[in-house]
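To start, the structure itself, in structure tokens.
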Amino acid sequence: MQRIWIIAAIIFVLDRATKYMIVEWMNLKTLGQIDVLPPFINLRMAWNYGINFGIGASDADWMRWLLIAVAIAICTGVVIWLRHAEGWLIQLSAGLLVGGAIGNVWDRVQYGAVADFLNMSCCGIANPFAFNIADVAIFAGAIGLMLFTGKDAKAG
């Protein structure tokens, strides 16, 4: 259980640090875009008021608090479900998911929306979406939980 919290804390700090550096210090929230290594890596400010890829986006205050409540409920459920997990891959996956979710919850409290800023394109395909470190952690954690908590896993 301790490993889940350590990993979650590392992801949360990494997410907060990158968001502070890019959104606040580099002032991406005002500039809107910064080309880093075009077209492969760019910084594009995007405020996500919905779920992943802006699904269900609404700037209504009730939706913001609903999404915060859902994220907290999911984190709580994952922690309770895996409180006795023995496999380090399960603990890593849970920590990634929880740390990323808490990072995005912090954004919703601080900004009213999730601050997305990483944009990657390749091979003549322009990617219109932006994401952040928390999003990567959530995605990797969810995939890991699907892969490593099967019927033979010792998830508790």
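None of these values were measured; they are calculated from a predicted model.
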Indicate yes or no: at least one non-hydrogen side-chain atom of [X] is less than 4.5 angstrom from one of [Y].
X	Y	value
W5	V79	yes
V36	I41	yes
L92	I4	no
D35	R44	yes
I22	L43	yes
E24	K29	yes
V105	V114	no
F131	F139	no

On a heavy-atom basis, which atom in [X] and which in [Y] lie closest, and how many Å separate them?
X	Y	result
A94	L145	N-CD2, 4.0 Å
P128	A126	CD-O, 3.3 Å
A137	I11	CB-CG2, 3.6 Å
A46	A130	CB-CB, 4.0 Å
I102	C75	CG1-SG, 4.4 Å

ILVMFWY network linking [X] to [Y], side-chain heavy atoms under 4.5 angstrom:
X	Y	value
V136	M120	yes
W62	L67	yes
I133	I10	no
L147	L96	yes
V78	W88	yes

Between the side chain of [X] and the main-chain N/O of [Y], is any donor-acceptor distance below 3.5 Å?
X	Y	result
N119	N127	yes
N104	A101	no
R16	V13	no
Q91	A85	yes

Working to the nearest 0.5 Å, report the span between [atom1] of [X] and [atom2] of [Y].
X	Y	atom1	atom2	value
I74	I138	CD1	CD1	9.0 Å
F117	N42	CZ	CG	13.0 Å
N132	L14	CG	CG	10.5 Å
F148	L82	CZ	CG	13.0 Å
R108	L66	CZ	CG	9.5 Å
Q2	I7	CD	CD1	10.5 Å

Charged N to carboxylate O under 4.0 angstrom, D107 versus R64?
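No, this pair does not count.
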
Contact list for residues 114-133, test salt bridge (Lys or Arg N to Asp or Glu O under 4.0 Å), sequence neighbours left out:
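Non-adjacent pairs meeting salt bridge (Lys or Arg N to Asp or Glu O under 4.0 Å): zero.
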
Please test W47 against Y111 for ring-ring contact (aromatic ring centres under 6.0 Å, His included), starting from the C-alpha separation and ending with a verdict.
CA-CA 9 Å; W47 295 105; Y111 300 120; 5.0 Å; yes

Heavy atoms of other groups near W106 CH2, more than 12 under 6.0 Å:
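Not buried by this count: 12 neighbours or fewer within 6.0 Å.
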
Step through the shown structure and confirm whether more than 12 heavy atoms of other residues, nucleotides or ligands are within 6.0 Å of CH2 on W65.
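More than 12 heavy atoms, drawn from other residues, nucleotides or ligands, come within 6.0 Å of this atom.
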
Who pairs with F40 by ring-ring contact (aromatic ring centres under 6.0 Å, His included), at least two apart in sequence or on another chain?
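For F40 there are no ring-ring contact (aromatic ring centres under 6.0 Å, His included) partners, ignoring immediate neighbours.
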
CA sep, side-chain torsions, deciding dist, call: L31, M45, side-chain contact (heavy atoms from CB on, under 4.5 Å)
CA-CA 8 Å; L31 296 174; M45 192 70 241; over 6 Å; no

Residues two or more places apart in sequence or in another chain: which of them pass side-chain hydrogen bond (donor to acceptor under 3.5 Å, both in side chains) with D15?
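For D15 the side-chain hydrogen bond (donor to acceptor under 3.5 Å, both in side chains) partners, ignoring immediate neighbours, are K19.
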
